[in-house]
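For reference, the structure discussed in these notes is given below.
Start at 1 and go down the list; that is how both ligands and their atoms are numbered. Only this structure's heavy atoms are used, side chains among them; waters, hydrogens and symmetry mates stay out.
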Amino acid sequence: MKKFLLLPLVALTLGLLPVSSQAQTPRTAPSRPAAATRPTAAAPRPEWWKEAIVYQIYPRSYQDSNGDGVGDLRGLISRLDYIKSLGVNTIWLNPIYGSPNDDNGYDISDYRGIMKDFGTMADFDELLKGMHARGLKVVLDLVVNHSSDEHEWFKQARSSRTSPYRDYYHWWPAEKGTPPKRESFFDVKKDAWAFDSLTKAYYLHYFSRKQPDLNWENPKLRQEIYAMMRYWFDKGIDGFRMDVIPFISKDTAFPPLPAKYNGDWGRFYANGPHVHEYLREMNEQVLSRYPSMSVAEGAGVTKADALDYVDPARRELDMLYHFEGMDVGLVPGNSYRLRAPGPYSLLEFKQVYTKWDRIFAQKGWGTVYLGNHDQPRMTTRWGDDRPAFRAASAKLLSTFLLTMRGTPYTYGGDELGMTNIKFDKITDYRDIETLNNYRGLQASGGDLSKFIEAQKTTARDNGRTPMQWDATPNAGFTTGQPWLRINPNYAELNAAAEDKDPASVLNYFRRATAVRRQHKVLVYGQYALLDAANSHVYAYTRTLGRERALVVLNFTAEARSWAVPTGLKLGGAPWLNNYADFQAGAALSLKPWQALVLPLK
Ligand code: ISL
């Protein structure tokens, strides 16, 4: 247990402390008395998935059991007790299906089988049973905007223009000329059309050439997908995370890009003409028939269309996750994930999360995440990975995740405070996005050193380096050659060491999940931003009936003082504090990256 310095709090309550002894440094912005007004909207309807604490696992990088350097299902089974010990209750597994791995499983060649590298269906059944036995729900990835070009459907489709599978994909016959411009995320030339010489036609691929887009306008294709979803639900899974689901419906006339198109193709691809019709159909024919949860990867979804996906009255999906949080601090409209110079703006960060909370204030339900397999490590990106601040900032970020409204998604490894590996050489990268962007930039004579520098902060492989289990060779991840280099900081940053240390990032994370599970105010309570103009401290209250909490997060490496707004009365020892003690008073003295969750009277 941590010890808290309660004395000053008691002294203050009794009026024994002069105000000057409470605030060591001037605060950055005046407090707002408005905090005294409590939000009044009715509490949201309880659901298990609103109370979920999701732990995302990238199986390729979690635990190898057979020495081939790639994580697998048996490895994962061997880590179930660790996963349970985190206090999470829902697991999202990145794709585990048959795949030639052009995009690490996001190119599926067999929707009903298990990737050879990962094991067998018997392994999956055992994993599912092991998770359920521990009270963990299991959510799989649903990747149905595209398949692999090695899927039997595509092999058939490309074999002849008259194949019954031809319409499972989008084709543009060469006799119509060059297809209207569409851009691709992973193509070296950014061209989303690939020419297939056998049938003299172009096929559409929003991602790599090995990821042809499925044609959702074809009802037969949709029935195949729904049957496949039922197959997994009948096995007992509890839900799906839906990969780029806003992209599935296309205008098959492929009109030219509109004049206002500004290269933001994620936005352009989202919300196609029939997407909501198809999601309602999917809900009616599959989702509503199982006690499931669904979460959309909300690529291209904005404030204006978010509720179209998750308003329960529309019977589509349960939740979505947006990208606006991830875009903070990037050069707008730049597809190479170039970072804006200097640190990101906490004001912008607060505005984004506050805006997205508000969208779901009356209906629908949000999500909160700070990293995933497509993002760098949260501690490097949003915290401070220098040795002196790494642990404190990682704990602060977990505090944020676990005290916001909306379902929190924690990415495996972040509970340890893992950091970006920051490769210097392109040859260390394995991710198709980085490799093909590099090749494209090289071909067009772009600035490669600027690109490599930006990748150190933003590249996806930073979030994919193997899990750091212990200080033995290869961090206990594999006895073979790891598929992606392991971060050398595993010698001190690893689960075994952190497990033994009561003050570790890991043990703090465990306390934080326990606090969220214990206090429903942190799940369902209204969120109110305090001190919006403060560019160093992020503070908010959560309110549910009579239960109320104050969250104060110092997002800087300097000590700060933060004045508690008049009208808020601290109500006892902190529920969470990432330092051993704290001084309560009319102003809080915050240490670098200090995070506090305080009950209010
Ligand atoms: O559209 C975007 C932003 O508006 C992109 O970031 C896009 O959503 C993202 O790259 C899609 O990610 C998902 O689909 C990809 C796969 O590589 C990712 O790992 C997956 O999460 C293709 O399946």
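Side-chain contact between F254 and W193 is present, with heavy atoms from C-beta onward closer than 4.5 Å. Side-chain contact between K456 and E453 is present, with at least one heavy-atom pair separated by less than 4.5 Å. The shortest side-chain heavy-atom distance between W92 and F240 does not fall under the 4.5 Å cut-off. A heavy-atom distance below 4.5 Å is found between the side chains of Y336 and L441.
Looking from atom 6 (O) of ligand 1 to the surrounding protein, the closest heavy atom is F323 CE2, 3.4 Å. Ranking protein heavy atoms by distance to atom 21 (O) of ligand 1, first place goes to D374 OD2, 2.4 Å. The single protein non-hydrogen atom nearest to atom 16 (C) of ligand 1 is D103 OD2, 3.3 Å, given as residue, atom name and distance. Protein heavy atom closest to atom 20 (C) of ligand 1, with residue, atom name and distance, is D243 OD1, 3.0 Å. The nearest protein atom to atom 5 (C) of ligand 1, hydrogens excluded, is given as F185 CE2, 3.6 Å; this is a heavy-atom distance. Atom 8 (O) of ligand 1 has as its closest protein heavy atom A299 CB, 3.2 Å. Here the heavy atom of the protein found nearest to atom 10 (O) of ligand 1 is F207 CE2, 4.0 Å. Of the protein's non-hydrogen atoms, E297 OE2, 3.8 Å is the one closest to atom 9 (C) of ligand 1.
Atoms of ligand 1 lying under 4.0 Å from any heavy atom of F186, numbered from 1 in the order shown and given with element: 17 (O). Applying the 4.0 Å criterion to heavy atoms of F247 picks out, from ligand 1, the atoms 1 (O). Numbered from 1 in the order shown, with element, the atoms of ligand 1 that lie under 4.0 Å from a heavy atom of V244 read 8 (O), 11 (C). Atoms of ligand 1 found under 4.0 Å from any heavy atom of H373, numbered from 1 in the order shown, are 18 (C), 19 (O), 20 (C), 21 (O). Near G300, the atoms of ligand 1 lying under 4.0 angstrom from a non-hydrogen atom of the residue are 4 (O). Close contacts of ligand 1 with H146, meaning ligand atoms under 4.0 Å from a residue heavy atom, involve 22 (C), 23 (O).
Counting heavy atoms closer than 4.0 Å to ligand 1, residue R460 contributes side-chain atoms (C-beta onward) but none from N, CA, C or O. Only the side chain of R241 comes within 4.0 Å of ligand 1, judged by heavy-atom distances. Contacts with ligand 1 closer than 4.0 Å are made by no heavy atom of W265, backbone or side chain.
Remark: N474 pairs with T478, P482, I486 by the side chain to side chain contact (heavy atoms under 4.5 Å, CB included) rule, at least two apart or across chains.
Classification of the F555-Y538 ring pair by plane angle, with boundaries at 30° and 60°, yields tilted.
Ring to ring, W265 and F185 are close: their centroids are under 6.0 angstrom apart.
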